[in-house]
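A quick write-up on the structure given underneath.
Just so we're on the same page: letters track the sequence lines, and every chain starts at 1.
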Amino acid sequence: MAFGREALRGMGITIRRFYSTYRHGLNLQPSAAGDLPAPAEARNTKVPAGMPTRVGGLATVQYPEQKLPVPERFRYIPFLVYDEEPDHERADFDGVRCTACGICAKVCPPQCIWIVQGKGEDGKARPVSSEFYIDASICMSCGFCAEYCPFDAIKMDHDYEFSSYERHESWVFDLQELLHPVAYHAALHPSDYAREAAEERAKAEARAAKEAAKAAKAAAAAGGEAG
Amino acid sequence: MRAVDDLELIQPPPAPSRPLPPTEPVVDEPMVLNIGPHHPSTHGVLRVVAQLDGERIVSATPDIGYLHTGIEKTFEGKTYVKGTTLAPRMSYLSPIHNNLAYVLAVEKLLDVEVPERATVVRVILAELDRMASHLVYLGIHALDLGASSLMLYTFRERESILDLMEMTGGARMFPSYIRPGGLAMDLPEGFEAAVGEILDRMPSAIDEYETLLTKNPFWRERTMGVARLSAEDAIAFGATGWLLRAAGIAYDLRKAVPYCGYESYDFEVPVRHEADAYARYLVRVAEIREAVKIARQALSRLPGGAWMTSDRKVAPPPKQELADSMEAVIHHFKLWTEGFKPAPGEAYVGVEAPRGELGMYVVSDGSGRPWRVHMRSPSFTQLQALETMVKGGLLADLVTGVANLDPVLGEVDR
Ligand code: SF4
Ligand code: SF4
């Protein structure tokens, strides 16, 4: 008798789970496709203990109409950042932050980044890349390039949908495909962007203070000469 | 090679002109049965050549090598830090432990101090990794024996652990979050709450799994007394981990050779004496409960402060400094292009991975890249015990044996 009882007890769990999923699903049934809560809310939606926390609806997520939110640190393929309102240092380079220093290419474990340093009309090297390629079919999404770039010029994208019918050229991204405005980066990585902005402010203040000190000194020197 | 068109020209063999003489039934020749390399219950590309006498197994020889990646050789061409992305890829079910063992070995070579916060976070992640790995084992083991619903439940809990990994290190499977000297970055906001939620949920989830299996007559029938591996055999094969613990030997590296401060945590080493598949199942379930206990203790003592060593030989200069100091930029550039250079020597560190002792042996010749990296992977060592475990049993017990050994083929072939 005990034989059957334990098996039935197990079956009871399965039935209970089935039923609770069903009820939970009816409560959360999205009214229309794309109705998933915004990423921040989705994380906090209260669901019964033991239920998957990131899925709503009787059916599972209706991909590709709906998508699960990804955390800020999620990484897929890198992209390059350019400032639409560049500061004076990068104004000559259309705000592209990359200085072609080559660290990302060096730290990339599978070696999928190619950079060609830009040259001025006089043939002198300029701190900007004239060509920049990333072979996304080789990239292992490790994020080292973004982590070690000293200029915050390369960041990890959250877009994971770029399957193609062709296996070679369409997976090698060139400079134009890689460049994204800073607003795109700020939207994906709010806290990382906040850190950058704070550093930027600190830098600007330090510069302003230095200039003020210089001006004061010059004024003092001028005053001294006059006196 | 034959052209495709030729295939149509192949004639069926001519029918024998006279009936073949009746043959004696062959009784003394065992049948050879190939299982795998592509078979759902071989957990990867494992081929088992089984000799059968009727339903009885005469021999079962694992034929390995289908997943050879040359990963040990690849290490030699990468700097030490790049190696952290490589090490986890050996075992895709316990990536954090691979990451941890490699980093501990490199740190031993470098002789660096790791901040307390990093060490405690490593313990939390390692225990979560153990839970995730054991959950896969439980679900897949049950699935192999025909109990399909359990997998849905164990993968549900595992999913929340993987989500946490993604939130912490940016990737579900291979975050490479543990780095020589500490961690890649500080913990994200909400980490503690997310871990707490998982830990709160886990005990009742384990109860649920146990209700489905522990007393289930079918489960007991398929695992009790099956795939036995005695303590002597286990030691002779170099088996570690739960294979030993299910055979009555309380050997756990976290107690025997503590790392990451495991000696300061209060936990038990579950031991059984039956040495069969069922005992191993019980040991693993108990281990999940212990892992919850350890992770909870670690969470409660999580200190603030630095997460990366301040030793500039290993750690990069903070970004703030890069903006002001040219020296910092040069140092940064040198550190990431050439890598840090440990003094010549060798280091071995073993950690108690979900499958047993996972060791990393790293040899430095003083350059920025390891001269040799060798992995002592538990799956490889323990797979050879398969034949001893299933010999004389029924063919169906081979499935139990493989599922119970829980091999990761990436670890076996490397
Ligand atoms: S590390 Fe940054 S600045 Fe240097 S080449 Fe790469 S993207 Fe450009
Ligand atoms: S994410 Fe990693 S693999 Fe991909 S380009 Fe950056 S460094 Fe290379």
Side-chain angles (χ1 to χ4, degrees), chain A residues 2-18 21 43-44 49-55 68 70-76 101-111 140-152 156 191-192 195-196 198-200 202-203 206, chain B residues 74 78-79 81-86 89 147 149-150 152-153 156-157 159-160 163-164 166-172 174-176 184-185 188-190 194 197 200-201 204-205 208-209 211-220 316-317 319-320 322-324 328-329 332-333 335-339:
Chain A
F3 187 88
R5 203 177 59 223
E6 288 305 329
L8 281 180
R9 246 158 65 89
M11 224 176 277
I13 290 214
T14 323
I15 291 168
R16 208 162 56 233
R17 276 288 159 216
F18 174 74
T21 318
R43 291 234 163 246
N44 300 326
M51 294 298 299
T53 43
R54 283 171 53 175
V55 184
L68 288 174
V70 290
E72 173 175 344
R73 288 182 182 179
F74 175 71
R75 44 181 204 241
Y76 205 67
C101 72
I103 287 192
C104 55
K106 286 260 173 51
V107 297
C108 175
Q111 302 279 290
M140 75 202 289
S141 309
C142 68
F144 273 24
C145 47
E147 200 175 317
Y148 297 131
C149 171
F151 304 98
D152 284 315
M156 298 305 285
S191 68
D192 190 33
R195 172 193 59 78
E196 270 170 36
E199 279 173 18
E200 206 49 51
K203 223 164 92 182
Chain B
T74 313
K78 307 277 168 216
T79 59
V81 170
K82 286 184 197 177
T84 54
T85 65
L86 213 47
R89 282 171 165 77
S149 52
L150 187 72
L152 306 175
Y153 305 148
R156 179 188 62 202
E157 264 72 52
E159 190 62 25
S160 56
D163 280 349
L164 182 92
E166 190 178 44
M167 167 183 161
T168 313
R172 289 154 51 85
F174 305 123
S176 309
M185 44 199 149
E189 228 173 275
E197 200 180 303
D200 287 344
R201 223 162 83 188
S204 64
E208 201 172 274
Y209 313 147
T211 316
L212 279 168
L213 292 184
T214 304
K215 287 189 187 158
N216 185 305
F218 308 110
W219 176 254
R220 289 175 161 220
K319 281 222 162 137
Q320 196 80 57
L322 289 181
D324 319 324
V329 174
H332 184 92
F333 190 79
L335 192 57
W336 298 131
T337 51
E338 291 169 22

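Interface summary for chain A: among B:Thr168, B:Leu213, B:Thr84, the most heavy-atom pairs under 4.5 angstrom belong to B:Thr168. Among A:Tyr76, A:Phe74, A:Tyr148, the residue with the largest count of heavy-atom pairs under 4.5 Å with chain B is A:Tyr148. Of the listed residues A:Met140, A:Met156, A:Met11, the one with more heavy-atom pairs under 4.5 angstrom with chain B than any other is A:Met140. Of the residues considered (B:Gly339, B:Ala205, B:Pro188, B:Ala171), B:Pro188 shows the highest number of contacts with chain A, using heavy-atom pairs under 4.5 Å.
Within 6.0 Å of CZ in A:Arg9 there are 12 or fewer heavy atoms belonging to other residues, nucleotides or ligands.
Neither the backbone nor the side chain of B:Glu159 has a heavy atom closer than 4.5 Å to any heavy atom of chain A. Contacts of B:Thr79 with chain A are absent, with no heavy-atom separation under 4.5 Å from either backbone or side chain. Interface remark: A:Phe144 contributes side-chain atoms only to the contact with chain B (heavy atom separation under 4.5 Å). Only the backbone of A:Ala146 comes within contact range of chain B, judged by heavy atoms closer than 4.5 Å. Using a 4.5 Å cut-off between heavy atoms, A:Cys149 touches chain B through its backbone atoms (N, CA, C, O) alone. Heavy atoms closer than 4.5 Å to chain B are found nowhere in A:Glu196, neither backbone nor side chain. B:Tyr153 touches chain A through its side chain: at least one heavy atom from C-beta onward sits under 4.5 Å away, while N, CA, C and O do not. The part of B:Ser149 that comes within reach of chain A is its side chain, from C-beta onward, which places non-hydrogen atoms under 4.5 angstrom from that chain. Using a 4.5 Å cut-off between heavy atoms, B:Arg220 makes no contact with chain A at all. Neither the backbone nor the side chain of B:Ala194 comes within contact range of chain A; no heavy atoms are under 4.5 Å apart.
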Query raised in the report: Checking side chain to side chain contact (heavy atoms under 4.5 Å, CB included) for the pair B:Tyr209/A:Ile13: CA distance, chi angles, key distance, verdict?
Result: CA-CA 9 Å; B:Tyr209 313 147; A:Ile13 290 214; over 6 Å; no
Query - B:Leu152 vs A:Thr14, side chain to side chain contact (heavy atoms under 4.5 Å, CB included): CA-CA, chis, key distance, verdict - result: CA-CA 10 Å; B:Leu152 306 175; A:Thr14 323; over 6 Å; no
Report task. Before giving the answer on side chain to side chain contact (heavy atoms under 4.5 Å, CB included), spell out for A:Arg73 and B:Met185 the whole-Å C-alpha distance, their side-chain angles and the decisive distance to 0.1 Å. Result -> CA-CA 10 Å; A:Arg73 288 182 182 179; B:Met185 44 199 149; 3.7 Å; yes
Query raised in the report: Going through the checks in order, is the side chain to side chain contact (heavy atoms under 4.5 Å, CB included) test met by A:Lys106 and B:Glu338?
Result: CA-CA 9 Å; A:Lys106 286 260 173 51; B:Glu338 291 169 22; over 6 Å; no
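Looking only at distances, a side-chain donor or acceptor of A:Arg75 sits under 3.5 Å from a matching main-chain atom of B:Pro175.
Once rounded to the nearest 0.5 Å, the distance linking NZ of B:Lys82 with SG of A:Cys142 reads 9.5 Å.
A:Val107 has its side chain out of reach of B:Val81: every pair of non-hydrogen atoms, C-beta onward, lies at least 4.5 Å apart.
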